[in-house]
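Following: one structure in structure tokens, then a few remarks.
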Amino acid sequence: MTNRPRHILGIDFGGSSLKAAIADTSQGLLLSEPVRRETSIDITPEDTVATIREMVNDLNWRGPVGLGYPGVVKRGICLSAANVSKQWIGLNAQELLHGVVDDRVAVINDADAAGLAELKFGAARSEAGPDGRVVLMLTLGTGIGSAFFYRGQLFPNTEFGHIELLGGDAEHYAAASVRVRQSLDWKEWASRLNRYLQEMEKLVSPDLIVLGGGISENFDKYQSYLSTRATIAVASLGNAAGILGAALAVDTPV
Ligand code: BGC
């Protein structure tokens with residue numbers, strides 16, 4: 001079977017930025033450094049789409065586009081918005097993208113996107129096939145995103161960052177942004193993360209936990225404070241995972 005190059009524009013929409021790059025989804029590579037635009041938490045959907053249009057034009061892109069959105073997405077419609085404007089709730093993001101490009105588009109939860117990329121090309125590659133064990137990918141950033149796989153299949157929109165922990169929302173307790181906001185040292189933050197991971201183990205018994213998000217670069221600073229039954233691995237695609245995974249979603253119906 002030939003592995004023909006497939007080029008798709010992937011866009012990762014986060015709490016603080018939009019990042020876009022053209023991806024080769026057959027090889028799992030970004031073809032250029034991502035372009036990035038800062039966004040604020042209250043940026044309107046209208047301004048977000050205008051920024052996406054600018055990025056598409058800057059990259060001179062005419063072709064399929066995949067967007068990773070930081071909330072629940074079903075059939076292109078955004079159903080939650082924890083760290084972006086609440087105006088997204090109920091909007092059909094897929095239709096909005098169709099207004100920007102005249103080609104195939106897909107919208108997927110941002111953590112599901114990162115998970116797909118890590119499963120296909122990164123730290124969870126060994127679990128990608130039909131014998132794949134239970135994989136929990138977590139993106140630790142402004143919030144906590146989750147992607148959940150069994151036998152190489154994604155169970156979309158799990159939203160495990162919002163389980164209740166100590167009477168509150170887990171992401172308000174253990175996201176990477178909380179470490180900075182509350183000036184926690186690595187040990188203090190890691191013990192919170194560990195508590196969260198152990199709670200997740202009680203609920204879904206993963207075999208492999210992949211930790212992603214910017215903070216995965218500092219894994220050596222907190223690794224020793226984590227103790228789980230599951231193997232813990234660090235995401236290996238870094239920032240590229242969200243972009244590549246969004247591009248992969250165009251050919252992976254979720
Ligand atoms: C959202 C998730 C998202 C995660 C990371 C959470 O607050 O509910 O959908 O994946 O943040 O962006």
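In what follows, residues are counted from 1 in the order of the sequence shown. Start at 1 and go down the list; that is how both ligands and their atoms are numbered. Here the structure is a predicted model, which means the values were calculated and not measured.
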Subset of ligand 1 atoms that lie under 4.0 Å from at least one heavy atom of [X]:
X: His162; answer: 1 (C), 6 (C), 7 (O), 8 (O)
X: Gly145; answer: 4 (C), 5 (C), 10 (O)
X: Ala82; answer: 7 (O), 8 (O)
X: Ile144; answer: 4 (C), 6 (C), 11 (O)

Apply ring pair (Phe, Tyr, Trp, His ring centres under 6.0 Å) to the pair Tyr196 and Tyr173, showing each step before the final yes or no.
CA-CA 9 Å; Tyr196 171 65; Tyr173 177 73; 8.8 Å; no
Say whether Asn109, considering both its backbone and side-chain N or O atoms, lies within less than 3.5 Å of an N or O atom on ligand 1.
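Yes.
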Nearest neighbour in protein (non-hydrogen) for [atom]:
atom: atom 12 (O) of ligand 1; result: Asp110 OD2, 2.6 Å
atom: atom 9 (O) of ligand 1; result: Glu159 OE2, 2.4 Å
atom: atom 6 (C) of ligand 1; result: Glu171 OE1, 3.2 Å

Side-chain heavy-atom pair Ile22, Ile8 within 4.5 angstrom cut-off:
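No, too far: nothing below the 4.5 Å cut-off.
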Could you establish whether Ser80 and ligand 1 come within less than 4.0 Å of each other, counting only heavy atoms on the residue side?
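Contact absent.
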Does Asn157 have a non-hydrogen atom less than 4.0 Å from ligand 1?
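So Asn157 does not count as touching ligand 1.
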In plain terms, say whether Arg37 and Asp58 are close enough for a salt bridge, that is, a side-chain N and a carboxylate O under 4.0 Å apart.
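Counted as a salt bridge, because a side-chain N and a carboxylate O are separated by less than 4.0 Å.
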Quick one: do Arg62 and Asp103 make a salt bridge, cutoff under 4.0 Å?
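No salt bridge links Arg62 with Asp103.
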Under a 3.5 Å threshold, yes or no: a donor from one side chain and an acceptor from the other, between Thr158 and Ser146?
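Short answer, yes.
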Flag for Gln223-Asp220: side-chain donor and acceptor within less than 3.5 Å:
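There is no such pair (donor and acceptor under 3.5 Å, judged by atom type) between the side chains of Asp220 and Gln223.
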Distance from Phe155 atom CZ to Leu136 atom CG, nearest 0.5 Å?
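Here the interatomic distance stands at 13.0 Å.
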Atom pair OH (Tyr69) and CD1 (Ile11), whose distance is rounded to the nearest 0.5 Å:
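These two atoms lie 14.5 Å from each other.
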What part of Asn83, side chain, backbone, both or neither, has a heavy atom within less than 4.0 angstrom of ligand 1?
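Within the 4.0 Å criterion, Asn83 contacts ligand 1 through side-chain atoms alone.
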